[in-house]
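Down below is the structure, laid out as structure tokens.
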Amino acid sequence: MTGSRSSDRRLAAVLAQVDVSTPVGVLNYALTLEHLEHAFYRDGLAGLEAADFDDGVFDNLAAIAAHEADHVATLTDTIVQLGGEPVTEVEYDFGEAFADPAAFLATAQALENTGVGAYTGAAQFLIAEDALLTAALTIHGVEARHASYLNRLNGGQSFPDAVDAPLTPEEVMAIATPFFVAASAAPGTGGTGETSGAGAAASSSAGSGSNAGAVRATTAPSTGVGTAYRSGGEGIPEGLPLLGLAGAAAAALLARRRLAARGDERPAP
Amino acid sequence: MQPQRLQERFLVAIATERRVTRRGVLVGSVRLATGGALAMTFAGGIGVRRFASAQELASDLDVLNYALTLEHLEAAFYRQGLEVFDGADFDAGVFDNLAAIRDHEAAHVAALTEAIESMDGTPVEEADYDFGYGNDPLAFLAVAAALEKTGVSAYDGVGQFLSDPDLLTAAGGIVAVEARHASYLNELNGESPFPAAFETPLAPEEVLAIAGPFIVS
């Protein structure tokens with residue numbers, strides 16, 4: 001599989017662009033994730049409607065989309081005010097995450113929980129910047145509210161641990177990078193036309209059927225998460241799937257398996 | 001036949017007992033409105049009173065004791081409340097989730113206490129509280145939502161006063177869980193789980209005005 005080596009290069013290239021040694025760098029790291037989240041909801045919801053979900057869910061998802069847009073705008077403005085250059089939205093491939101409402105919700109869950117871990121882990125880099133730290137914390141809390149809600153929708157625990165685990169930029173980008181279209185995210189590297197590993201990795205196994213709408217998986221599988229997220233190779237930390245994120249990632253995997261079992265996948269956009 | 005979704009059933013329950021809910025909320029509002037005045041009457045020795053001003057949060061220990069004061073209040077709230085109510089007072093699954101929250105708050109108390117002691121500080125102790133929910137589970141849930149929201153705002157307001165990066169990361173891990181709780185409790189109360197794009201950071205004196213009235217001694 002040449003894809004694995006290529007994924008390693010892509011992750012390394014993405015990580016090379018993350019610099020948490022300056023306030024602008026930290027904010028750009030956050031903005032990179034907010035762009036990803038914002039594009040996910042904006043583009044995903046464009047292909048969905050209220051009838052795809054239980055009552056009230058679509059409106060809540062739309063509220064989340066609006067929050068992510070606000071986060072993007074605020075971080076962008078702040079970086080500009082600091083004299084920095086805000087990162088811009090890149091091209092994403094959400095693959096099978098958009099194939100079905102269930103897959104959309106599961107991926108949303110994984111993204112939100114990753115976002116919480118990212119902010120928890122990165123707050124320390126703003127410790128000398130009181131105002132920026134406080135602003136980042138006010139975003140962090142909202143991401144945690146989203147994560148809690150999406151855990152519920154996906155049938156998981158809203159608050160699986162007493163203390164949320166921080167994620168390092170390496171851990172976060174290992175999760176986010178598969179959504180980046182290679183040539184867009186890392187110019188000059190890995191330009192093989194490779195498509196998203198996140199969407200493609202998990203679609204082959206069979207699973208039980210889904211009731212669609214708001215997914216209610218009663219249990220998260222204990223296997224497969226590592227496979228899905230480690231397919232990029234040794235760049236991904238061993239401990240990652242054991243964090244609170246594991247349930248989210250597992251739910252995402254489970255949802256994709258359901259899709260495969262039902263055989264009603266639509267082609268990726 | 002699919003069981004009705006929890007939120008839907010809860011919304012029906014709240015609609016049915018709206019007067020009860022309003023009474024519960026009203027009690028909370030009255031207490032909140034008088035909070036500022038009451039807070040000024042506190043005798044010394046109570047943690048919340050000690051930190052009436054942000055200027056007093058001069059050290060990491062001060063910040064941790066401020067957080068511990070609020071965690072004590074939350075821990076006692078859930079511990080006492082879940083002795084008053086049982087599973088039959090709530091929709092299926094709710095009691096278990098409240099018990100999980102109770103355990104989280106107890107874990108936060110333990111972690112903060114341990115951290116303060118490891119820094120040779122003196123951890124504040126639990127006080128006596130009156131949360132005013134009586135035997136009304138809906139009032140209990142309304143107070144719970146208010147406490148969690150306040151907890152998030154409190155941490156967000158004082159994170160800037162921490163100087164140790166590891167403590168900041170730990171506080172970040174705790175406040176994220178408070179926000180997860182707040183999201184859930186908002187929904188149980190029929191409100192948006194995430195009413196705004198940003199949390200509202202509160203200064204210690206603002207938190208005191210909200211939490212102070214629950215502390216009786």
Task: Backbone N/O of Pro193(B) and side chain of Arg145(A): donor-acceptor pair under 3.5 Å - done: yes
TODO: Could you look at Ala196(B) and say if it's the side chain, the backbone, both or neither that has a heavy atom under 4.5 Å from chain A?
DONE: backbone
Open item on the list: Checking His104(B) against Val163(A) for the side chain to side chain contact (heavy atoms under 4.5 Å, CB included) test, could you report, in this order, the C-alpha distance in whole Å, the side-chain angles of both residues, the deciding distance, and whether it holds?
Closed with: CA-CA 8 Å; His104(B) 289 171; Val163(A) 181; over 6 Å; no
TODO: Go through the side-chain N and O atoms of Asn97(B) and Arg152(A) and say whether any donor and acceptor fall under 3.5 Å apart.
DONE: no
Task: Which portion of His140(A) sits near chain B, non-hydrogen atoms under 4.5 angstrom - done: side chain
TODO: Report the option among Ala162(A), Ala144(A), Ala123(A) that has the most heavy-atom pairs separated by less than 4.5 Å from atoms of chain B.
DONE: Ala162(A)
- [ ] With a 4.5 angstrom heavy-atom cut-off, could you sort out which part of Gln157(A) is near chain B: side chain, backbone, both or neither?
- [x] side chain
TODO: For residues 110-121 of chain B, pull every pair meeting side chain to side chain donor-acceptor pair (under 3.5 Å), keeping only residues two or more places apart or in separate chains.
DONE: none
Open item on the list: Taking the six-membered ring for Trp, are Phe198(B) and His71(A) closer than 6.0 Å centroid to centroid?
Closed with: yes
Open item on the list: So, taking the atom named CG in Asp130(A) and the one named CD in Gln160(B), what distance separates them when rounded to the nearest 0.5 Å?
Closed with: 5.0 Å
- [ ] Measure distances from Asp164(B) to the heavy atoms of chain A and classify the residue's part below 4.5 Å as side chain, backbone, both or neither.
- [x] backbone
Task: side-chain contact (heavy atoms from CB on, under 4.5 Å) partners of Leu202(B), counting only residues at least two apart - done: Ser153(B), Thr200(B), Glu206(B), Val207(B), Ile210(B)
Open item on the list: Can you tell me which portion of Leu167(B) sits under 4.5 Å from chain A's heavy atoms? Options are side chain, backbone, both or neither.
Closed with: neither
Task: Heavy-atom proximity to chain A below 4.5 Å, by part of Ala170(B) - done: backbone
TODO: Go through Leu133(A), Asp59(A), Leu126(A), Ile127(A) and name the one with the most non-hydrogen pairs under 4.5 angstrom from chain B.
DONE: Ile127(A)
TODO: Enter the distance from Ser148(A):OG to Glu187(B):CD here, rounded to the nearest 0.5 Å.
DONE: 8.0 Å
Task: Ala100(B) versus chain A, the contacting section by heavy-atom distance below 4.5 Å - done: side chain
Task: Beyond-backbone contact of Leu137(A) with Tyr155(B), side-chain heavy atoms, under 4.5 angstrom - done: no
TODO: Answer with side chain, backbone, both or neither: which region of His108(B) has an atom nearer than 4.5 Å to a non-hydrogen atom of chain A?
DONE: side chain
Open item on the list: Taking side chain as everything from C-beta outward and backbone as N, CA, C, O, which of these in Ala107(B) sits under 4.5 Å from a heavy atom of chain A? Side chain, backbone, both or neither.
Closed with: side chain
TODO: Provide the closest heavy-atom pair for Val142(A) versus Ala197(B) in the form atom of the first, atom of the second, distance.
DONE: CG2-O, 3.3 Å
- [ ] Between chain A and each of Ile174(B), Thr169(B), Val175(B), count heavy-atom pairs under 4.5 Å; write down the option with the most.
- [x] Thr169(B)
